[in-house]
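All heavy atoms count here, side chains included; hydrogens, waters and symmetry mates do not.
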Amino acid sequence: MNLPDMQAAKKRTSENVDYIYETPQITDNFQGKKYYIRTYGCQMNVHDSEEISQLLENIGFEETKEMNNADLIILNTCAVRENAHDKVFGFLGRCKHLKKENPNLKIALCGCMAQERSVVEEIMKKHSYIDLVFGTHNIHELPNYLMNLHNGLNIEVKSNEGNVFEIGESYKRASKYTAWVNIMYGCDKFCTYCIVPYTRGKERSRKSKDILKEVSCLKEKGYKEVTLLGQNVNAYGNDSEDELDFAGLLENVAKTGIERIRFVTSHPWNFTDAMIDVISKHPNIMPYIHLPLQSGSDRILKLMGRRYTREEYMELFKKIKERIPNVAITTDVIVGFPGETEADFLDTLDIVERCQFDGAYTFIYSPREGTPAAKMPDTTPMSEKENRLHRLNEIVNKYSLINNQKYLNKVTNVLLIGESEKDSAKLYGYTDTMKLVNVQCDESLLGTITPVLITDTKSFSLDGIVEK
Ligand code: SAH
Ligand code: SF4
Ligand code: F3S
């Protein structure tokens, strides 16, 4: 048994990243067996689930969308906030019940929660009906673990994060038109509230030649859009002396000629002028940037370890708006960080008013064990934090709507990627600027970039018809 070491991620060294090429093993032990996978958390986890699905199908499993008839249930978990933890343990209760009815059912838990020592200990004490816990650094070994499962709880969690595993095109991608492409793993920023550097380890960049090969291959298969993924995409290459930086990588990805390129997430601290130049120069790099603010108070930004001031954030914001025509910018904001006063919060509201974001993901601060902020005194009552969240959301929604209204009666390109959930006569897709649009149109337009006339606007979506 190998328990995760929460401090291991802090022991940074400059050793080279090892590349290990793994070929999935083929066996017919699991032929016809069904797996059900449930994914919580960010795009990183969504993409990891695409890898897990492929690895399972390589050894004979088939996917089921019904957990009741699964032979294997995989829970890919997120640890970023406490409520993510509660959802997973709630769901595990249902799994336990199913296992009583079907003792052959196997239950596996992976993802960021698996990297938390306290979670593994809780599972050992109270949830030993789980068969397998595996971490974020050893997903590629899942077939091995399943083939060698012993009775009872198997724990396979590693805190060694020096490696990048190249699995080539081995992803069961959820979409035929848009694809996630990892460019780097981990995070070295250690914002004081955040657990990600502990669960995902230090920053490791993939080699640009591997990334470019993957993008070219996706283009050949007919993919229209790639989203470059990393916790801090603009720290790309910092861990390697002879690698491109993010601006250089982005430029080369643009040159592959794939129609649409996006990236998440960029940290304001690493956002260079060279990046802005590359984005404004290449029409296939989409004018959409997610630029997490977290707080508008200098005092709180400092306590959070964010490495920028409100002035610096606003300058960067202004520069991006000036130099990238029609760019949309969204953000993340945390309210109720330990010690946040009403005055600090008003500074946040002020910057949100000034920037008039296209959208924002807003959160109440959630203490995460092992992070520095969890030890900071926090006397603000939860009711006050909820009130701040509510006040913030009102402003955020006001500007989302105002920004969306600018599209009314205009024609904009939409990549149509699926059937609208609410109305099967409609397809949905996204504008260059990442606005969700529901479009009255023929199914044959699925997978195409189509000019759409916007006929109605709401806070969270647009409606449109195909421009003739
Ligand atoms: N790497 C990205 C995002 C990581 S997590 C970045 O730096 O922007 C996504 C968002 O969750 C963060 O931007 C932050 O707003 C929020 N978040 C992270 N830790 C949190 C915590 N302990 N409590 C509340 N929100 C948190
Ligand atoms: Fe977390 Fe900060 Fe890293 Fe983002 S940059 S993943 S918020 S530590
Ligand atoms: Fe959650 Fe892990 Fe992503 S903690 S936000 S799934 S990196």
A.B. asks: Flag the pair His290 / Tyr361 as yes when at least one side-chain heavy-atom distance between them is below 4.5 Å, and no otherwise.
C.D. replies: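 Yes, their side chains come closer than 4.5 Å.
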A.B. asks: CG of Asn76 to OG of Ser53: how many Å apart, nearest 0.5 Å?
C.D. replies: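 These two atoms lie 9.5 Å from each other.
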A.B. asks: Is it the case that more than 12 heavy atoms not belonging to Lys189 sit under 6.0 Å from its NZ atom?
C.D. replies: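 More than 12 heavy atoms, drawn from other residues, nucleotides or ligands, come within 6.0 Å of this atom.
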A.B. asks: Do we see a donor-acceptor contact under 3.5 Å between the side chains of Ser297 and Asp344?
C.D. replies: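 Checked: Ser297/Asp344 side chains pair up, N/O donor to acceptor below 3.5 Å.
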A.B. asks: Whether the side chain of Asp239 engages the backbone of Ser205 through a donor-acceptor N/O pair (distance < 3.5 Å, no angle test) should be reported.
C.D. replies: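 Yes; at least one donor-acceptor contact below 3.5 Å.
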A.B. asks: Can you confirm whether Arg323 sits close enough to Asp273 that some side-chain heavy atom of one is under 4.5 Å from a side-chain heavy atom of the other?
C.D. replies: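 Answer yes - side chains close enough.
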A.B. asks: Do the non-hydrogen side-chain atoms of Leu291 and Ile320 ever get within less than 4.5 Å of each other?
C.D. replies: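 In short, these two side chains touch, coming nearer than 4.5 Å.
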A.B. asks: Under a 3.5 Å threshold, yes or no: a donor from one side chain and an acceptor from the other, between Thr199 and Glu116?
C.D. replies: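 Side chains of Thr199 and Glu116: no pair found under 3.5 Å.
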A.B. asks: Could you tell me whether the side chain of Arg38 reaches within less than 4.5 Å of the side chain of Leu75, counting heavy atoms only?
C.D. replies: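 In short, these two side chains touch, coming nearer than 4.5 Å.
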A.B. asks: Determine whether Asn138 and Tyr145 satisfy the following criterion, side chain to side chain donor-acceptor pair (under 3.5 Å), listing intermediate values before the conclusion.
C.D. replies: CA-CA 10 Å; Asn138 47 343; Tyr145 298 149; 2.8 Å; yes
A.B. asks: Which label fits Phe190 and Tyr198: parallel for a plane angle under 30°, tilted from 30 to 60°, or perpendicular past 60°?
C.D. replies: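 Ring orientation of Phe190 relative to Tyr198: perpendicular.
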A.B. asks: Check the pair Arg354, Asp350 against salt bridge (Lys or Arg N to Asp or Glu O under 4.0 Å), reporting the backbone distance first and the verdict last.
C.D. replies: CA-CA 6 Å; Arg354 285 168 192 251; Asp350 176 66; 2.8 Å; yes
A.B. asks: For the pair Ser266 (side chain) and Asn234 (backbone), establish whether a donor and an acceptor sit closer than 3.5 Å, ignoring hydrogens and angles.
C.D. replies: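 A pair under 3.5 Å: no.
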A.B. asks: Run the side chain to side chain contact (heavy atoms under 4.5 Å, CB included) test on Asp298 and Lys302 for me, step by step, so that the C-alpha distance in whole Å, both residues' side-chain angles and the decisive distance to 0.1 Å come before the verdict.
C.D. replies: CA-CA 6 Å; Asp298 280 340; Lys302 200 161 188 193; over 6 Å; no
A.B. asks: Testing the 3.5 Å rule here: is there a donor-acceptor pair between the side chains of Lys406 and Asn403?
C.D. replies: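 Note: Lys406 and Asn403 side chains meet the donor-acceptor criterion.
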A.B. asks: Carefully, step by step, assess Leu142 and Ile74 under the rule side chain to side chain contact (heavy atoms under 4.5 Å, CB included).
C.D. replies: CA-CA 11 Å; Leu142 176 60; Ile74 305 250; 4.2 Å; yes
A.B. asks: Any chance you could measure Leu301, atom CG, to Arg310, atom CZ, to the nearest 0.5 Å?
C.D. replies: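 Taking CG in Leu301 and CZ in Arg310, the distance rounds to 9.0 Å.
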A.B. asks: Any heavy-atom pair between the side chains of Ile417 and Leu415 that's under 4.5 Å?
C.D. replies: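 Yes, side chains in contact.
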A.B. asks: Less than 4.5 Å apart, any side-chain heavy atom of Leu109 and any of Val88?
C.D. replies: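 They are in side-chain contact.
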A.B. asks: Can you confirm whether the side chains of Glu353 and Tyr399 place a donor and an acceptor under 3.5 Å from each other?
C.D. replies: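 Judged by distance alone, the side chains do pair up.
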A.B. asks: Quick check against the 3.5 Å criterion: does Thr256 have a side-chain atom that pairs as donor or acceptor with the backbone of Val253?
C.D. replies: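 Looks like yes, one N/O pair under 3.5 Å.
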A.B. asks: Could you go step by step and tell me if Arg307 and Glu312 meet the salt bridge (Lys or Arg N to Asp or Glu O under 4.0 Å) rule?
C.D. replies: CA-CA 10 Å; Arg307 308 174 188 209; Glu312 283 162 349; over 6 Å; no
A.B. asks: Taking CD in Glu241 as the centre, count heavy atoms belonging to other residues, nucleotides or ligands within less than 6.0 Å. Is the count above 12?
C.D. replies: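 Counting other residues, nucleotides and ligands, CD of Glu241 stays at 12 neighbours or fewer.
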A.B. asks: Would a distance-only check, ignoring hydrogens and angles, find a side-chain to backbone donor-acceptor pair under 3.5 Å from Thr265 to Gln231?
C.D. replies: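 No, because the side chain of Thr265 does not come within donor-acceptor range (under 3.5 Å) of the backbone of Gln231.
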A.B. asks: Please lay out, stage by stage, how Val452 and Thr431 fare under the test side chain to side chain contact (heavy atoms under 4.5 Å, CB included).
C.D. replies: CA-CA 9 Å; Val452 170; Thr431 64; over 6 Å; no
A.B. asks: Distance alone, cut at 3.5 Å: any donor-acceptor contact between the side chains of Ser461 and Tyr428?
C.D. replies: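 No donor-acceptor contact under 3.5 Å links the two side chains.
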A.B. asks: Would you check if there is a donor-acceptor pair between the side chains of Ser400 and Asn397 at a distance under 3.5 Å?
C.D. replies: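 Not at all, the side chains of Asn397 and Ser400 share no donor-acceptor pair under 3.5 Å.
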A.B. asks: So does Asp432 get a backbone contact from the side chain of Asn413, meaning a donor-acceptor N/O pair under 3.5 Å?
C.D. replies: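 No, the answer is negative, given that no donor and acceptor are paired below the 3.5 Å cut-off.
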A.B. asks: Counting only N and O atoms by type, is there a donor-acceptor contact under 3.5 Å from the side chain of Asn438 to the main-chain atoms of Asp463?
C.D. replies: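 A pair under 3.5 Å: no.
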A.B. asks: If I take atom CE from residue Met382 and atom OG1 from residue Thr380, how far apart are they, to the nearest 0.5 angstrom?
C.D. replies: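 So the CE of Met382 and the OG1 of Thr380 are separated by 10.0 Å.
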A.B. asks: Would you say the side-chain atoms of Lys385 pair up with the backbone N or O of Gly336, donor to acceptor, closer than 3.5 Å?
C.D. replies: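 Flag set: sc Lys385 to bb Gly336 pair under 3.5 Å.
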A.B. asks: Quick check on side chain to side chain contact (heavy atoms under 4.5 Å, CB included): which of Ile449, Val437, Val439 does Leu416 satisfy it with?
C.D. replies: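 By the side chain to side chain contact (heavy atoms under 4.5 Å, CB included) criterion, Leu416 pairs with just one of Ile449, Val437, Val439: Val439.
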A.B. asks: Quick one: are Glu63 and Tyr35 in side-chain contact, heavy atoms under 4.5 Å?
C.D. replies: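 Sidechains of Tyr35 and Glu63: in contact.
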A.B. asks: Do other residues, nucleotides or ligands put more than 12 heavy atoms under 6.0 Å from the NZ atom of Lys458?
C.D. replies: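 Counting neighbours around NZ of Lys458, more than 12 heavy atoms of other residues, nucleotides or ligands fall under 6.0 Å, so yes.
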A.B. asks: Can you see which heavy atom on Arg200 is nearest to which on Cys112, and at what distance?
C.D. replies: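 Answer, listing the atom of Arg200 first, then Cys112: NE-SG, 3.3 Å.
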A.B. asks: What's the verdict on salt bridge (Lys or Arg N to Asp or Glu O under 4.0 Å) for Arg368 and Glu82, showing C-alpha distance, side-chain angles and the deciding distance?
C.D. replies: CA-CA 7 Å; Arg368 305 289 43 225; Glu82 187 66 24; 2.6 Å; yes
A.B. asks: Is the count of non-hydrogen atoms from other residues, nucleotides or ligands lying under 6.0 Å from Lys398 atom NZ greater than 12?
C.D. replies: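 Enclosed: over 12 neighbouring heavy atoms sit under 6.0 Å from NZ of Lys398.
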A.B. asks: Quick one: sort the Tyr193 and Phe337 rings into parallel, tilted or perpendicular, breaks at 30° and 60°.
C.D. replies: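 Ring orientation of Tyr193 relative to Phe337: perpendicular.
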A.B. asks: Would you mind telling me which of Thr39, Ile52, Leu229, Thr227 makes a side chain to side chain contact (heavy atoms under 4.5 Å, CB included) with His47?
C.D. replies: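 For His47, the side chain to side chain contact (heavy atoms under 4.5 Å, CB included) check succeeds only for Leu229.
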A.B. asks: Can you list the steps and then say if Thr433 with Tyr407 is a side chain to side chain donor-acceptor pair (under 3.5 Å)?
C.D. replies: CA-CA 11 Å; Thr433 50; Tyr407 290 72; 2.7 Å; yes
A.B. asks: Mind checking the CG-OG spacing from Leu250 to Ser208? Nearest 0.5 Å is all I need.
C.D. replies: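 Those atoms lie 12.5 Å apart.
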A.B. asks: How long is the straight-line distance from CE of Met184 back to CE of Met44, given to the nearest 0.5 Å?
C.D. replies: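 Separation between the atoms: 8.5 Å.
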A.B. asks: Judged by atom type as modelled, is there a donor-acceptor pair below 3.5 Å linking the side chain of Thr77 to the main-chain atoms of Met113?
C.D. replies: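 Between the backbone of Met113 and the side chain of Thr77 there is a qualifying donor-acceptor contact (under 3.5 Å).
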A.B. asks: When rounded to the nearest 0.5 angstrom, what distance separates CD1 in Ile123 from OG in Ser118?
C.D. replies: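 Separation between the atoms: 9.5 Å.
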A.B. asks: For the residue pair Thr330 / Tyr288, report whether a side-chain donor-acceptor contact shorter than 3.5 Å exists.
C.D. replies: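 Judged by distance alone, the side chains do pair up.
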A.B. asks: Classify the angle between the aromatic ring planes of His127 and Phe89 as parallel (below 30°), tilted (30 to 60°) or perpendicular (above 60°).
C.D. replies: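 Rings of His127 and Phe89: tilted, as their planes differ by 30° to 60°.
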A.B. asks: Using atom types as modelled and distance alone, determine if a side-chain donor or acceptor of Arg173 lies under 3.5 Å from a backbone N or O of Trp180.
C.D. replies: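 Present.
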A.B. asks: Given the rule in the side chain to side chain contact (heavy atoms under 4.5 Å, CB included) test, do Phe134 and Glu141 qualify, once you have shown the distances and angles that lead to the verdict?
C.D. replies: CA-CA 9 Å; Phe134 64 102; Glu141 289 189 64; over 6 Å; no
A.B. asks: Donor-acceptor pair, distance only, cut-off 3.5 Å: does the side chain of Glu384 make one with the backbone of Pro381?
C.D. replies: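 Checked: no pair found.
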A.B. asks: State, to 0.1 Å, how close Phe345 and Arg388 come at their nearest heavy-atom pair, and which atoms those are.
C.D. replies: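 Here Phe345 and Arg388 meet closest at CZ-O, 3.1 Å.
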A.B. asks: If you take the centroid of each ring, where Trp contributes its six-membered ring, are His137 and Tyr185 closer together than 6.0 Å?
C.D. replies: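 That pair fails the under 6.0 Å test.
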A.B. asks: Using a 6.0 Å cut-off, check whether atom CG of Asn326 has over 12 heavy atoms from anything other than its own residue.
C.D. replies: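 Count not over threshold, so no.
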A.B. asks: Between Phe357 and Val352, is there a side-chain heavy-atom distance shorter than 4.5 Å?
C.D. replies: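 Side-chain contact under 4.5 Å: yes.
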